[in-house]
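Numbered from 1 within each chain, the chains take letters A, B, ... in sequence-line order. Everything quoted here is computed from the prediction, not taken from an experiment.
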Number of protein chains: 2
Amino acid sequence: MSQPSTQMEQFRSWLAERGLKVTRQREAIAEVFFGSGGHLSLEELLELAKEQQPSVGYATVYRTMKILAESGLASEHKFAEGNVRYEPSVEGEHHDHLICVTCGKILEYEDERVERLQEEVARKHGLRVVSHRHEIYGECVRPACPDRPPGRHANGD
Amino acid sequence: MSQPSTQMEQFRSWLAERGLKVTRQREAIAEVFFGSGGHLSLEELLELAKEQQPSVGYATVYRTMKILAESGLASEHKFAEGNVRYEPSVEGEHHDHLICVTCGKILEYEDERVERLQEEVARKHGLRVVSHRHEIYGECVRPACPDRPPGRHANGD
DNA sequence: GTCCGTGCAAAACCTTTGCACGAGA
DNA sequence: TCTCGTGCAAAGGTTTTGCACGGAC
């Protein structure tokens with residue numbers, strides 16, 4: 001129940017239920033997506049997918065990720081840098097992000113107290129919470145997340 | 001000491017200190033910016049600035065807002081919708097946002113408890129907080145923020 | 001007078017879409 | 001077979017920049 005293949009099966013089922021087709025491209029893209037740590041941009045997904053299916057094009061990655069998002073198996077997230085990133089999502093689960101400004105690494109966390117506080121804040125302002133976005137940007141202070149240069153671009157500016 | 005003109009004076013000083021010029025355009029843009037409630041897009045700022053200085057162009061608004069951001073008098077904020085919005089910022093002050101998904105209105109709030117919690121979360125993960133972004137999206141449940149359709153586009157899709 | 005600033009328009013960047021061919025069911 | 005999916009390339013939308021003229025100091 002915790003194997004990555006389960007997500008693939010869910011994806012295939014979801015496609016089948018809607019009369020959509022399971023293609024090599026969709027499988028390649030979904031596989032690299034579920035197999036990765038998440039938080040990948042379309043470009044990164046394209047690169048990875050190409051390793052399995054060199055013929056994959058950007059548009060297909062784009063459309064497949066939209067489908068995955070629609071199916072609930074992926075969630076889109078627009079970080080401060082700008083472009084959209086995707087991460088696998090599990091029904092009912094939620095997390096926010098902690099981004100290391102030193103190495104660019106994205107961590108996840110979940111804190112119910114923050115969730116509760118924002119409910120309260122929203123109520124105070126006459127709103128009912130629909131969704132939220134909470135990102136903490138920080139600097140690594142431990143060797144656990146060392147001085148690795150940002151891995152977003154392979155070019156050393 | 002709490003008049004909007006103070007911000008204008010700060011802006012003029014900041015320009016002068018760096019050998020930059022105080023132009024009609026920069027003044028017009030800064031005035032409408034400080035005079036507004038904030039959270040304006042470049043396009044909105046352009047429209048407002050044009051009322052004072054019809055000759056103002058988009059590029060100048062763009063560049064002036066970059067300058068204001070650099071000076072610390074404005075802060076850029078990229079909400080989920082995509083484009084960048086600017087809001088006046090006061091040194092040392094901080095707030096987060098509450099966005100009404102019904103009418104598009106953007107409210108501000110400040111909650112020290114949330115700030116403290118995120119410090120704690122970051123520490124737990126070995127990071128020192130540099131900045132953060134917290135946006136709560138919600139639906140109006142009070143007449144205070146009524147059923148006005150989104151004012152982002154004047155076209156009614 | 002000098003240099004910075006401006007406006008226009010084009011470039012850059014990412015996302016989204018149209019179209020004709022190819023593949024899955 | 002028949003429809004859906006794909007890849008290419010072009011369109012869209014926003015941000016960013018180059019250039020020649022005009023204005024601030």
Looking only at side-chain atoms of B/N83, point me to the closest of D/dG7, D/dT6, D/dT15.
->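 The closest nucleotide is D/dT15.
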Which nucleotide sits closest to the side chain of A/R26: D/dG5, D/dC25, C/dT17?
->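 The answer is D/dG5, which lies nearest to the side chain.
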Separation of [X] atom [atom1] from [N] atom [atom2], in whole Å?
{"X": "B/Q53", "N": "D/dG22", "atom1": "CD", "atom2": "P", "value": "17 Å"}
{"X": "B/M65", "N": "D/dT14", "atom1": "CE", "atom2": "P", "value": "18 Å"}
{"X": "B/Y62", "N": "C/dC8", "atom1": "OH", "atom2": "C1'", "value": "16 Å"}
{"X": "A/E27", "N": "D/dG5", "atom1": "CD", "atom2": "C1'", "value": "14 Å"}
{"X": "A/Y58", "N": "C/dT17", "atom1": "OH", "atom2": "C1'", "value": "13 Å"}
{"X": "B/E43", "N": "D/dT14", "atom1": "CD", "atom2": "P", "value": "6 Å"}
{"X": "A/I29", "N": "D/dG7", "atom1": "CD1", "atom2": "P", "value": "7 Å"}
{"X": "B/K50", "N": "C/dT6", "atom1": "NZ", "atom2": "C1'", "value": "13 Å"}

Check whether any side-chain nitrogen or oxygen of [X] sits under 4.0 Å from OP1 or OP2 of [N], and answer yes or no.
{"X": "A/T60", "N": "D/dG5", "answer": "no"}
{"X": "A/Q25", "N": "C/dG24", "answer": "no"}
{"X": "B/T23", "N": "C/dT6", "answer": "yes"}

Please figure out whether A/V22 or A/V84 has its closest DNA chain C nucleotide nearer the 5' end.
->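 First, find each residue's nearest nucleotide; the 5'-ward one identifies A/V84.
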Looking just at side-chain N and O atoms, do A/Q118 and A/H134 make a donor-acceptor pair shorter than 3.5 Å?
->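 No, no side-chain donor-acceptor contact under 3.5 Å.
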Short side-chain donor-acceptor distance under 3.5 Å, A/H39 and A/E87 =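 Distance-only check passes for A/E87 and A/H39.
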Touch check for A/K78, heavy atoms < 4.0 angstrom, all strands: base, sugar-phosphate only, or nothing?
->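 Contact class for A/K78: none.
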Does the separation of the ring centres of A/H77 and A/H95 fall below 6.0 angstrom?
->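 Ring centres of A/H95 and A/H77 not closer than 6.0 Å.
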Assign each of B/A59 and B/K21 to its nearest nucleotide of DNA chain D by heavy atoms, then name whichever residue's nucleotide is nearer the 5' end.
->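 It is B/A59 whose nearest nucleotide is closer to the 5' end.
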Which comes earlier along DNA chain D counting from the 5' end, the contact point of B/G82 or that of A/S55, where each point is its nearest nucleotide?
->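 It is A/S55, whose closest nucleotide lies nearer the 5' terminus.
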Do you know which of A/F79, A/Y137, A/Y109 makes ring-ring contact (aromatic ring centres under 6.0 Å, His included) with A/H97?
->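 Single pass found, and it is A/F79.
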Presence of donor-acceptor pair under 3.5 Å, side chain of B/R63 and base of C/dG7 =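 Per atom types, the contact qualifies.
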In plain terms, say whether B/E139 and A/R128 are close enough for a salt bridge, that is, a side-chain N and a carboxylate O under 4.0 Å apart.
->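 The answer is no: the pair does not qualify as a salt bridge.
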